Amino acid sequence: MRIFNNLLIKPAVLAFAILCPLALSAQSGEVSYSKGQDLTDALSDTAVFALPEFSDGRVYFKNMSTSSAVLNISNLEQRVKFIDPATGDTLDVANEDDIKYVIAANKTFYKTKFGYAQVLKYIGDAFFCFVKDLTVEEQQAMTSYGRLPATSTAKKVNALPDMSGPNNSSNVGKYLDLKYDITLRPILIRGNKVLLSSKKAYTKLFPDKKEQIKSLADQEKTDFNDVGSSYEFFNKLLEQ
């Protein structure tokens, strides 16, 4: 665990936490999608990926083996993507389920059941993180006859199915309006416990601070579902 402590925490957490811990906010927007187009090409890279660009990084597996690559993390699929140095193709890590955490671009990401949780700050053995959860919904289809109502919703997929039907022409479903939402989900990690932020979660992770949690939450009127509000609570609770 020595490698874990030295590499995971010191270089990767503090820089981001100091720069913009509370500048995080949910995002939403609409894009046009062409029939047969890969969804990741329709959306911007800043929406699809956790990092602004593919960067040198290292993947740490549960058996403590590691692998280096030029990589990024898909918010859409919650998977690590890397660039094949031989072909330049973007590929998935084959043993995704065995990943424990990833370090890239001076940031650390834990693989959790909620997705890849980026560490904002740690105090002792407690970590405050957030997951970027990207969802995409089909709004409506453009046809040669006008717009049709949406017939399906896609969430966390890398492509949308074509609209089809017995009376549809070849143009039906050729163009779609897509709405995307990026939700930031605050995550608490302590030891083997990984929980979505809530008053109950704080109490489970810090049972010795039960009264302080209740008092501070009432005093601060904390919104535990909001990254900024929960982050402030985390700091005040653990630094007092």
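This one's a predicted model, so the numbers in the text were calculated from it and none came from an experiment.
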I'd like to check Leu205 versus Leu195 (side-chain heavy atoms, cut-off strictly below 4.5 Å). Are they in contact? yes

How close do Gly57 and Ala104 get, counting heavy atoms only, and between which atoms? CA-CB, 3.9 Å

Only counting residues at least two apart or in another chain, list the ones meeting side-chain contact (heavy atoms from CB on, under 4.5 Å) with Glu239. Lys121, Ile123, Asn235

Quick one: do Phe128 and Leu188 satisfy side-chain contact (heavy atoms from CB on, under 4.5 Å)? Show the steps, please. CA-CA 5 Å; Phe128 186 91; Leu188 304 173; 3.7 Å; yes

Hits for side-chain hydrogen bond (donor to acceptor under 3.5 Å, both in side chains) against Thr66, two or more places apart or cross-chain, chain-then-number order -> Arg58

For the residue pair Phe234 and Phe206, categorise the inter-ring angle as parallel (less than 30°), tilted (30 to 60°) or perpendicular (more than 60°). perpendicular

For Ser65, the side-chain hydrogen bond (donor to acceptor under 3.5 Å, both in side chains) test, sequence neighbours excluded, returns Asn63

Partner residues of Ser67 under the side-chain contact (heavy atoms from CB on, under 4.5 Å) criterion, sequence neighbours left out: Phe61

Nearest-0.5 Å distance that lies between atom CG in Asp226 and atom CZ in Arg185: 14.0 Å

Asp98 and Lys62: CA distance, side-chain angles, deciding distance, salt bridge (Lys or Arg N to Asp or Glu O under 4.0 Å) verdict: CA-CA 6 Å; Asp98 297 327; Lys62 294 174 183 177; 5.3 Å; no

Ring pair (Phe, Tyr, Trp, His ring centres under 6.0 Å) pairs, two or more places apart, involving residues 73-93: none

Quick one, Ile182 and Asp133 - any side-chain contact, counting heavy atoms below 4.5 Å? no

Counting C-beta onward and ignoring hydrogens, is there a side-chain heavy-atom pair between Lys132 and Gln118 closer than 4.5 Å? no

Taking the side chain as everything from C-beta on, heavy atoms only, tell me whether Ile73 gets closer than 4.5 Å to Phe49. no

Would you list the pairs meeting side-chain hydrogen bond (donor to acceptor under 3.5 Å, both in side chains) in which at least one residue belongs to residues 194-212, sequence neighbours left out? Ser197-Ser230, Tyr202-Ser230

Stepwise ring-ring contact (aromatic ring centres under 6.0 Å, His included) check, Tyr116 with Tyr101: CA-CA 8 Å; Tyr116 277 92; Tyr101 60 93; over 10 Å; no

Heavy atoms, side chains only, cut-off 4.5 Å: are Asp92 and Val80 in contact? no

All side-chain hydrogen bond (donor to acceptor under 3.5 Å, both in side chains) counterparts of Asp125, not counting sequence neighbours: Arg190

Can you tell me how far the OG atom of Ser74 sits from the CZ atom of Arg79, to the nearest 0.5 Å? 9.0 Å

Kindly give the heavy-atom pair with the smallest separation between Ala201 and Leu196, and that separation in Å. CB-O, 3.2 Å

To the nearest 0.5 Å, tell me how far Asn72 CG sits from Leu51 CG. 4.5 Å

So, do Phe224 and Phe233 have ring centers that fall under 6.0 Å from each other? yes

Pair Phe130 and Tyr231, ring centroids less than 6.0 Å apart: no

What residues form a side-chain contact (heavy atoms from CB on, under 4.5 Å) with Glu220, not counting sequence neighbours? Leu216, Thr222, Lys236

With the side chain counted from C-beta on, respond yes when Ile189 and Cys129 share a heavy-atom pair under 4.5 Å apart, and no when they do not. yes

With sequence neighbours left out, the residues meeting side-chain hydrogen bond (donor to acceptor under 3.5 Å, both in side chains) with Asp97 are none

Assess the residue pair Phe127 and Tyr110 against the criterion (ring-ring contact (aromatic ring centres under 6.0 Å, His included)); give the C-alpha distance rounded to whole Å, side-chain angles, the decisive distance to 0.1 Å, and a yes or no. CA-CA 10 Å; Phe127 294 79; Tyr110 275 104; 5.5 Å; yes

Please report the C-alpha distance between Val131 and Gln78 in whole Å, then the side-chain angles of each, then the deciding distance to 0.1 Å, and finally whether the side-chain contact (heavy atoms from CB on, under 4.5 Å) criterion is met. CA-CA 9 Å; Val131 169; Gln78 292 299 331; 4.0 Å; yes

Does Asp223 have any salt bridge (Lys or Arg N to Asp or Glu O under 4.0 Å) partners at least two apart in sequence or in another chain, and if so, which? none

Heavy-atom distance under 4.5 Å between the side chains of Ile83 and Leu71, does that happen here? no

